[in-house]
**Student:** 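Quick one: structure below, then a few questions.
Residue numbering restarts at 1 for every chain, and letters A, B, ... go by the order of the sequence lines.
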Protein chains: 2
Amino acid sequence: MPTNGPTVRDVARHAGVSVASVSRALNGIKTVRPDVRKLVEDAARELGYVPHAGARNLSLQRSGAVGVALPDLHGEYFSELVRGLHQAALDHGTQLLLSNVPQDPERAVEALNHLRGRVDALVILAPHLDPDCLLRNLSPNLPTVLLNGAPHKRNVHELRLDNYAGAQAMVQHLHDRGCYDLVHIAGPAGNIEAQERQRGFLESCAELGINGRILAGDFSEEAGAAAASEIIASRLTTDGIFAANDMMAIGAMTVLKSHGIALPDDMALAGFDDIPLARLVTPALTTIRVDIAGMGKRAMAVLFQDDPKDRVNTPILEWKIPELIARETTTRVNPRTDPSAAAHNNP
Amino acid sequence: MPTNGPTVRDVARHAGVSVASVSRALNGIKTVRPDVRKLVEDAARELGYVPHAGARNLSLQRSGAVGVALPDLHGEYFSELVRGLHQAALDHGTQLLLSNVPQDPERAVEALNHLRGRVDALVILAPHLDPDCLLRNLSPNLPTVLLNGAPHKRNVHELRLDNYAGAQAMVQHLHDRGCYDLVHIAGPAGNIEAQERQRGFLESCAELGINGRILAGDFSEEAGAAAASEIIASRLTTDGIFAANDMMAIGAMTVLKSHGIALPDDMALAGFDDIPLARLVTPALTTIRVDIAGMGKRAMAVLFQDDPKDRVNTPILEWKIPELIARETTTRVNPRTDPSAAAHNNP
DNA sequence: TAGATTGAAGTAACCGGTTACTTCAAGGCA
DNA sequence: TGCCTTGAAGTAACCGGTTACTTCAATCTA
């Protein structure tokens with residue numbers, strides 16, 4: 001067993017005091033005489049005593065960890081969220097327990113319940129699951145924040161990105177730029193975020209009276225590439241592609257470039273998420289900034305804000321408004337190279 | 001307290017059996033009569049009983065979690081590792097407890113000890129810390145894997161990337177391509193991986209009899225940009241830049257491109273790590289593939305491999321040999337655009 | 001000086017599970 | 001019929017901390 005080392009009773013025996021004194025001394029309780037404290041500290045050091053966090057948690061009824069429930073998401077999005085959460089966790093002196101939420105609702109509930117007693121709070125990112133079902137089966141007195149969940153009737157803190165508004169803004173932007181025949185590469189079918197983006201796309205196209213077509217996708221780079229190939233092969237009159245996320249847009253970009261299609265002159269291209277890559281590809285990708293790391297931080301803040309207060313937890317629903325980032329794939333800002341710059345004397 | 005719900009005793013009372021029977025029934029022990037099992041299961045369902053993982057762990061002396069100790073690393077590297085670990089954790093039915101390792105050695109030890117009793121094993125990535133100091137203060141009977149640590153005298157499982165060999169290979173590659181005046185943008189000073197890369201660079205340059213200069217850096221995109229600016233401003237006769245990681249190479253690339261320096265014709269450029277971005281920037285970046293996610297997976301496999309066996313844990317040191325990935329920044333393979341490809345009929 | 005007050009340390013119950021050991025009843029055998 | 005096995009359920013100790021409550025001695029008040 002990896003857990004057996006000296007216990008508080010060993011230290012007590014070694015120091016010639018009671019376990020209560022050991023506990024008090026090591027936890028900085030003030031009603032301990034300096035000489036006793038010294039005795040305990042010396043004994044602890046000598047024995048190499050390290051408190052057993054698990055036992056401590058059981059006794060104190062808190063674990064000092066926040067559970068993070070994630071689907072098996074695509075890299076960037078997932079890691080950006082963890083980054084934000086991790087940063088906030090540091091500030092709050094908390095640890096992060098990562099847990100996977102399976103696709104299957106029943107196993108998902110099981111996985112989440114597995115966290116009871118190991119976490120003080122829960123952050124759930126599960127755009128693929130029905131929150132009603134999920135939350136009904138959850139320990140009710142565990143502070144929870146739901147990120148980008150589907151609509152539901154449960155009472156939980158919630159942070160939601162306005163995917164619909166983001167898609168709307170993007171269609172408007174493409175329209176302003178002169179596009180009138182758009183294709184949307186959609187995200188996975190069961191995903192609420194993907195659905196909202198698609199809905200925003202279709203309704204905006206209808207409102208503006210422009211052409212709006214849907215191609216299937218799944219948030220992967222390959223799906224984006226496949227969609228672009230399809231657009232080229234079918235010789236559609238498309239003049240703008242709006243992918244449901246950046247990775248698909250980048251997949252599409254690779255294919256378009258390899259076919260000699262100039263971006264944005266022959267075709268406009270846009271993504272969604274503003275992953276770090278987006279500004280680094282050439283040409284830089286126009287997208288919708290989501291600040292998923294910021295959402296992670298905010299989620300943590302929400303959890304810790306209502307911690308000192310009562311447990312009534314009047315639940316809040318916070319909308320994050322995404323921001324359109326216009327880059328080169330829809331508007332060329334700078335010439336690609338600037339020959340007037342300082343010459344580089346290459347021998 | 002977030003943890004109080006029905007306990008095993010509540011279920012026992014409600015079902016009219018003993019706690020032992022409840023525990024046995026719910027854990028699938030076979031010496032339970034079917035009717036009793038049914039009684040227990042019904043009672044548990046009715047009360048909404050969920051086992052308290054913390055208590056379970058204390059009793060079983062295992063936590064079902066692996067601790068991951070990370071410095072506050074730059075995005076891609078960190079997230080790739082977590083991705084690999086997370087994937088492996090799924091396969092092993094384990095959870096991941098993320099923990100930050102502060103720069104300060106004393107606080108680092110404290111942070112790691114804080115994990116005792118909450119994890120069954122430990123994965124440590126701390127290229128900035130002295131492993132001797134770290135491991136001396138660690139619970140000795142906690143299976144541990146050290147990733148890319150500095151040399152030391154302790155007995156631990158260890159996975160190490162051959163940074164020296166990678167740098168060597170890259171210098172050879174640049175030399176083959178015709179470079180004879182190289183600059184290395186170095187990583188942060190205290191980082192063992194950065195040191196090895198720099199050592200490989202310098203020694204290879206000496207062996208090949210070519211010029212090798214060092215510029216300071218810290219693994220950040222900005223540092224790469226700054227170094228490139230410095231190269232341009234000082235009008236060095238450099239014909240190849242080898243950055244200690246990809247992010248710095250990409251930072252340098254942006255600056256070089258904005259100054260009209262053609263890659264690779266005017267200047268070769270290479271990085272290290274092969275982060276996902278590397279193949280997506282234009283021109284695609286030549287680099288050394290590290291497969292950090294694979295290291296994460298491997299680390300987990302090592303931990304679980306010696307789990308069923310005895311605890312003697314004959315420690316192993318495994319070297320991962322990195323692979324050179326030649327892309328466009330050192331060797332142009334394809335023309336940038338291919339006008340002969342299927343025409344795209346843009347109206 | 002007796003009785004009340006104060007401060008510090010000790011005892012033991014508790015957190016919520018698991019499980020070695022004990023008890024008890026039913027079936028097997030002589 | 002009486003004793004022994006066998007199987008299943010119950011009791012209580014334990015995992016390693018924390019802490020309410022108790023004990024006890026020293027100091028303070030009248």
Side-chain angles (χ1 to χ4, degrees), chain A residues 1-40 43-44 47-64 113-120 139 141, chain B residues 1-40 43-44 47-64 113-120 139 141:
Chain A
M1 311 121 199
T3 51
N4 47 17
T7 75
V8 69
R9 311 197 204 249
D10 296 325
V11 177
R13 193 171 323 117
H14 197 263
V17 300
S18 73
V19 290
S21 291
V22 172
S23 180
R24 282 192 282 252
L26 296 179
N27 287 324
I29 307 282
K30 51 258 148 262
T31 66
V32 180
R33 258 194 345 237
D35 56 327
V36 173
R37 163 158 296 146
K38 174 106 176 46
L39 228 51
V40 170
L47 266 54
Y49 169 74
V50 176
H52 187 288
R56 192 150 202 276
N57 297 340
L58 182 57
S59 192
L60 290 174
Q61 310 254 69
R62 35 157 243 92
S63 73
N113 278 334
H114 195 65
L115 293 176
R116 169 169 126 86
R118 355 179 69 172
V119 299
D120 298 330
S139 254
N141 37 18
Chain B
M1 311 118 194
T3 51
N4 47 18
T7 74
V8 70
R9 318 206 195 243
D10 296 325
V11 177
R13 193 171 325 118
H14 196 262
V17 300
S18 73
V19 290
S21 291
V22 173
S23 181
R24 283 192 282 251
L26 296 179
N27 287 325
I29 308 281
K30 51 255 149 269
T31 67
V32 179
R33 259 194 346 238
D35 56 327
V36 173
R37 163 159 295 146
K38 174 107 174 47
L39 227 50
V40 170
L47 266 53
Y49 169 75
V50 176
H52 188 288
R56 192 151 202 276
N57 297 340
L58 182 57
S59 191
L60 290 174
Q61 310 253 71
R62 35 157 241 91
S63 74
N113 278 334
H114 195 65
L115 293 176
R116 168 169 127 85
R118 354 179 71 174
V119 300
D120 297 331
S139 252
N141 38 17

**Student:** Output yes when at least one side-chain N/O atom of B:Ser59 is less than 4.0 Å from OP1 or OP2 of D:dC15, else no.
**Tutor:** no
**Student:** Which nucleotide in the set D:dT18, C:dT18, D:dG17 lies at the smallest distance from any side-chain heavy atom of B:Leu60?
**Tutor:** C:dT18
**Student:** Holding to side chain to side chain contact (heavy atoms under 4.5 Å, CB included), I want the full list of residues that pass it with B:Ser59, two or more places apart in sequence or in another chain.
**Tutor:** none
**Student:** Give me the bend of the helix from C:dT1-D:dA30 to C:dA30-D:dT1, using the axes of the five pairs at each end, rounded to 10°.
**Tutor:** 60°
**Student:** When we call it a touch if two heavy atoms are under 4.0 Å apart, what does A:Asn27 touch: a base, just sugar-phosphate, or nothing?
**Tutor:** sugar-phosphate
**Student:** So which pairs with a foot in residues 11-26 of chain A pass salt bridge (Lys or Arg N to Asp or Glu O under 4.0 Å), sequence neighbours left out?
**Tutor:** A:Asp10-A:Arg13
**Student:** At their closest point, which heavy atom of B:Ala55 faces which heavy atom of A:Leu58, and how far apart are they?
**Tutor:** CB-CD1, 3.8 Å
**Student:** Nearest of D:dG16, C:dG17, C:dT18 to any side-chain atom of B:Ser23?
**Tutor:** C:dT18
**Student:** If you measure from CG on A:Leu60 to CG on A:Asn27, what distance do you get to the nearest 0.5 Å?
**Tutor:** 8.0 Å
**Student:** If I take atom CG in residue A:Leu39 and atom C1' in nucleotide C:dA8, what distance separates them, rounded to the nearest angstrom?
**Tutor:** 14 Å
**Student:** Would you kindly give the CZ-to-P distance between A:Arg116 and C:dG16, to the nearest whole Å?
**Tutor:** 7 Å
**Student:** Using whole Å, what does the distance between atom C1' of nucleotide C:dT18 and atom CG of B:Leu26 come to?
**Tutor:** 12 Å
**Student:** Can you check whether B:Ala53's main-chain N or O pairs, donor with acceptor, with A:Arg118's side chain at less than 3.5 Å?
**Tutor:** no
**Student:** With sequence neighbours left out, what residues match A:Arg33 under salt bridge (charged side-chain N to carboxylate O under 4.0 Å, His left out)?
**Tutor:** A:Asp35
**Student:** Just verifying a value: how many Å separate B:Thr7 OG1 and B:Leu47 CG, rounded to the nearest 0.5 Å?
**Tutor:** 9.0 Å
**Student:** Between protein and nucleotides 23-26 of chain D, what N or O pairs are separated by less than 3.5 Å?
**Tutor:**
none

**Student:** What's the NZ-P distance between A:Lys30 and D:dT19, to the nearest Å?
**Tutor:** 10 Å
**Student:** Which residues pass the side chain to side chain contact (heavy atoms under 4.5 Å, CB included) test with B:Val22, sequence neighbours left out?
**Tutor:** B:Val8, B:Val11, B:Ala12, B:Val17, B:Leu26, B:Val40
**Student:** With sequence neighbours left out, write down each residue that passes salt bridge (charged side-chain N to carboxylate O under 4.0 Å, His left out) with A:Arg9, or none if nothing qualifies.
**Tutor:** none
**Student:** Pairs under 3.5 angstrom, nitrogen or oxygen only, protein versus nucleotides 9-11 of chain C, please.
**Tutor:**
residue : atom : partner : partner atom : Å
C:dA9   : OP2  : A:Arg33 : N            : 3.3
C:dG10  : OP2  : A:Ser18 : N            : 2.8
C:dG10  : OP2  : A:Ser18 : OG           : 2.8
C:dG10  : OP2  : A:Ser21 : OG           : 2.8
C:dG10  : N7   : A:Arg24 : NH2          : 3.0
C:dG10  : O6   : A:Arg24 : NH1          : 3.4

**Student:** A:Ser18: which residues meet the side chain to side chain contact (heavy atoms under 4.5 Å, CB included) condition with it, sequence neighbours left out?
**Tutor:** A:Ala20, A:Ser21
